[in-house]
Amino acid sequence: MNQKVLIVDDEESIVTLLQYNIEKAGFQTDIAYTGLEGLEKAVTYDFDIIVLDLMLPELEGTEVCKQIRQRQVETPILMLTAKDDEFDKVLGLELGADDYLTKPFSPKEVVARIKAILRRTNKQQPTFESPVFRIAELTIYPEQYEAVIRDETLSFTRKEFELLLYLAKHKGKVLSRDQLLSAVWNYDFVGDTRIVDVHVSHLRDKIEPDTKHPIYIKTIRGLGYKMEDPS
């Protein structure tokens, strides 16, 4: 069965263009023209990925994204924005989007991003011998997509967990923001390294005993971040 894409956009010309090119690439599609309709479909039906416009009637794309994640729906989200504004990009990713594209964009680029996100998602499926990472009181379970610290099970957005896991796999190594962007987001965000800082801040809120004096994820001034074992 072909993978299914939900397109949420209120501009009919863009929807027609996206639908044609996405279906030409071998996917099935469904359409929603408002934020509320998109949210209802996203939480009711199974999709492999959601293409979500930022500016929508009834409910903005950022709120749709937020509510999708609050309802524990982990379908990957590719956000479309007409605003070439770093805050919007960071906010979208912060709320749980997996990727974004700024309008105007080429349909081929949308299809390429969809395929890239789905490849990453498929790689995240459980494997029989997936290792468990233990760092002091923190235990990371890649198969379950969760971590436990001090007997508390933590919840993460997809990108928060990927970032935590990548840092854990490279424990003791200083990783630049550009390295983390390339490894976790799988492409370059030119000038958008603040996205890494936002996600590191969220991870610290969840795993650090004192966020002002982190013991797990250390900032290496002028270089990047490093995961350390405080024990």
Side-chain angles (χ1 to χ4, degrees), residues 65-66 68-77 86 89-100 116-189 191-231:
C65 183
K66 180 180 178 182
I68 287 173
R69 294 299 184 239
Q70 285 178 342
R71 300 186 194 192
Q72 307 301 311
V73 176
E74 291 299 324
T75 307
I77 296 173
E86 184 178 347
K89 298 168 187 175
V90 173
L91 178 61
L93 294 166
E94 193 176 350
L95 293 173
D98 294 80
D99 202 348
Y100 71 84
I117 293 171
L118 291 174
R119 280 197 302 271
R120 296 200 301 270
T121 304
N122 290 336
K123 287 177 184 177
Q124 292 156 7
Q125 297 303 315
T127 57
F128 183 73
E129 296 183 351
S130 181
V132 172
F133 295 89
R134 291 184 175 86
I135 304 173
E137 295 180 296
L138 175 67
T139 305
I140 303 169
Y141 299 94
E143 287 191 359
Q144 287 82 7
Y145 229 68
E146 67 182 24
V148 175
I149 190 165
R150 296 179 291 276
D151 297 322
E152 178 187 358
T153 300
L154 307 173
S155 61
F156 302 93
T157 66
R158 184 184 302 275
K159 287 304 172 192
E160 286 171 359
F161 187 83
E162 289 178 14
L163 179 59
L164 177 65
L165 186 58
Y166 191 79
L167 287 165
K169 286 180 176 178
H170 297 82
K171 182 182 68 175
K173 182 178 179 181
V174 178
L175 301 168
S176 71
R177 290 171 175 83
D178 287 333
Q179 281 179 287
L180 293 170
L181 283 171
S182 178
V184 176
W185 281 266
N186 207 31
Y187 63 93
D188 295 329
F189 284 71
D192 282 356
T193 54
R194 180 175 165 237
I195 293 164
V196 174
D197 299 331
V198 169
H199 282 71
V200 166
S201 177
H202 288 180
L203 288 180
R204 284 173 170 166
D205 287 339
K206 296 175 182 181
I207 71 173
E208 297 287 0
D210 180 359
T211 55
K212 293 182 179 178
H213 302 91
I215 58 176
Y216 286 98
I217 304 176
K218 294 290 188 73
T219 301
I220 309 301
R221 190 175 298 276
L223 295 175
Y225 295 102
K226 178 172 68 169
M227 173 72 83
E228 290 189 348
D229 187 340
S231 62

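Note that these values count all heavy atoms, side chains included, but never hydrogens, waters or copies made by symmetry. Throughout, residue positions are numbered sequentially from 1 according to the sequence presented.
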**Item:** Residues forming a side chain to side chain contact (heavy atoms under 4.5 Å, CB included) with Thr153, sequence neighbours excluded
**Value:** Glu146, Val148
**Request:** Rounded to the nearest 0.5 Å, what's the gap from CD1 on Ile140 to CZ on Arg134? Could you check?
**Result:** 11.0 Å
**Message:** Using side-chain heavy atoms (C-beta onward) and a distance below 4.5 Å, is His170 in contact with Tyr166?
**Reply:** yes
**Asked** What distance separates Met227 CE from Leu165 CG, expressed to the nearest 0.5 Å?
**Response** 9.0 Å
**Message:** Once rounded to the nearest 0.5 Å, what's the spacing between atom CD1 of Ile207 and atom CD of Glu152?
**Reply:** 12.0 Å
**Prompt:** Got Val184 and Val196 here, is their nearest side-chain heavy-atom distance under 4.5 Å?
**Reply:** no
**Request:** Nearest 0.5 Å please: distance from the CD1 atom of Ile217 over to the OG1 atom of Thr211.
**Result:** 11.5 Å
**Fill in**
Taken in chain and number order and not counting sequence neighbours, the residues that satisfy side chain to side chain donor-acceptor pair (under 3.5 Å) with Thr219 are Arg204
**Message:** Under the rule for side chain to side chain contact (heavy atoms under 4.5 Å, CB included), what residues qualify as partners of Ser201, not counting sequence neighbours?
**Reply:** Asp205
**Asked** Can you name the salt bridge (Lys or Arg N to Asp or Glu O under 4.0 Å) partners of Asp229, sequence neighbours left out?
**Response** none
**Item:** Contact summary for Cys65 and Ala97, nearest pair of heavy atoms
**Value:** SG-N, 3.5 Å
**Residues in side chain to side chain donor-acceptor pair (under 3.5 Å) contact with Gln179, at least two apart in sequence or another chain** = Ser176
**Counterpart residues, side chain to side chain donor-acceptor pair (under 3.5 Å), relative to Arg221 (two or more places apart)** = none
**Message:** Salt bridge or not between Arg119 and Asp98? Use side-chain N to carboxylate O under 4.0 Å.
**Reply:** no
**Prompt:** Just wondering, do Leu163 and Leu180 contact through their side chains at under 4.5 Å, heavy atoms?
**Reply:** yes
**Minimum side-chain heavy-atom gap Phe133-Leu138 below 4.5 Å** = no
**Fill in**
Looking only at heavy atoms, the pair that brings Tyr141 and Phe161 closest together is O-CZ, 3.7 Å
**Asked** For Val174 and Gly224, which heavy atoms make the closest approach, and how far apart are they?
**Response** CG1-N, 4.5 Å
**Asked** Any idea which heavy atoms bring Lys206 and Ser155 closest together, and the distance?
**Response** NZ-O, 2.8 Å
**Test side chain to side chain donor-acceptor pair (under 3.5 Å) applied to Lys66 - qualifying residues, sequence neighbours left out** = none
**Prompt:** For Ile68 and Thr75, what are the C-alpha separation, side-chain angles and deciding distance, and is it a side chain to side chain contact (heavy atoms under 4.5 Å, CB included)?
**Reply:** CA-CA 9 Å; Ile68 287 173; Thr75 307; 5.7 Å; no
**Item:** Any pair counted as salt bridge (Lys or Arg N to Asp or Glu O under 4.0 Å), so long as it reaches residues 167-176, sequence neighbours left out
**Value:** none
**Request:** Could you check Leu154 against Leu164 for side chain to side chain contact (heavy atoms under 4.5 Å, CB included), going step by step and ending with a plain yes or no?
**Result:** CA-CA 12 Å; Leu154 307 173; Leu164 177 65; 5.9 Å; no
**Fill in**
Applying side chain to side chain contact (heavy atoms under 4.5 Å, CB included) to Ile215 and not counting sequence neighbours gives Glu208, Pro209, Pro230
**Request:** Just grab all the ring-ring contact (aromatic ring centres under 6.0 Å, His included) pairs involving residues 193-227, residues at least two apart or on different chains.
**Result:** Trp185-His199
**Prompt:** What do the steps show when you test Ile195 against Arg177 for side chain to side chain contact (heavy atoms under 4.5 Å, CB included), and what is the final call?
**Reply:** CA-CA 9 Å; Ile195 293 164; Arg177 290 171 175 83; over 6 Å; no
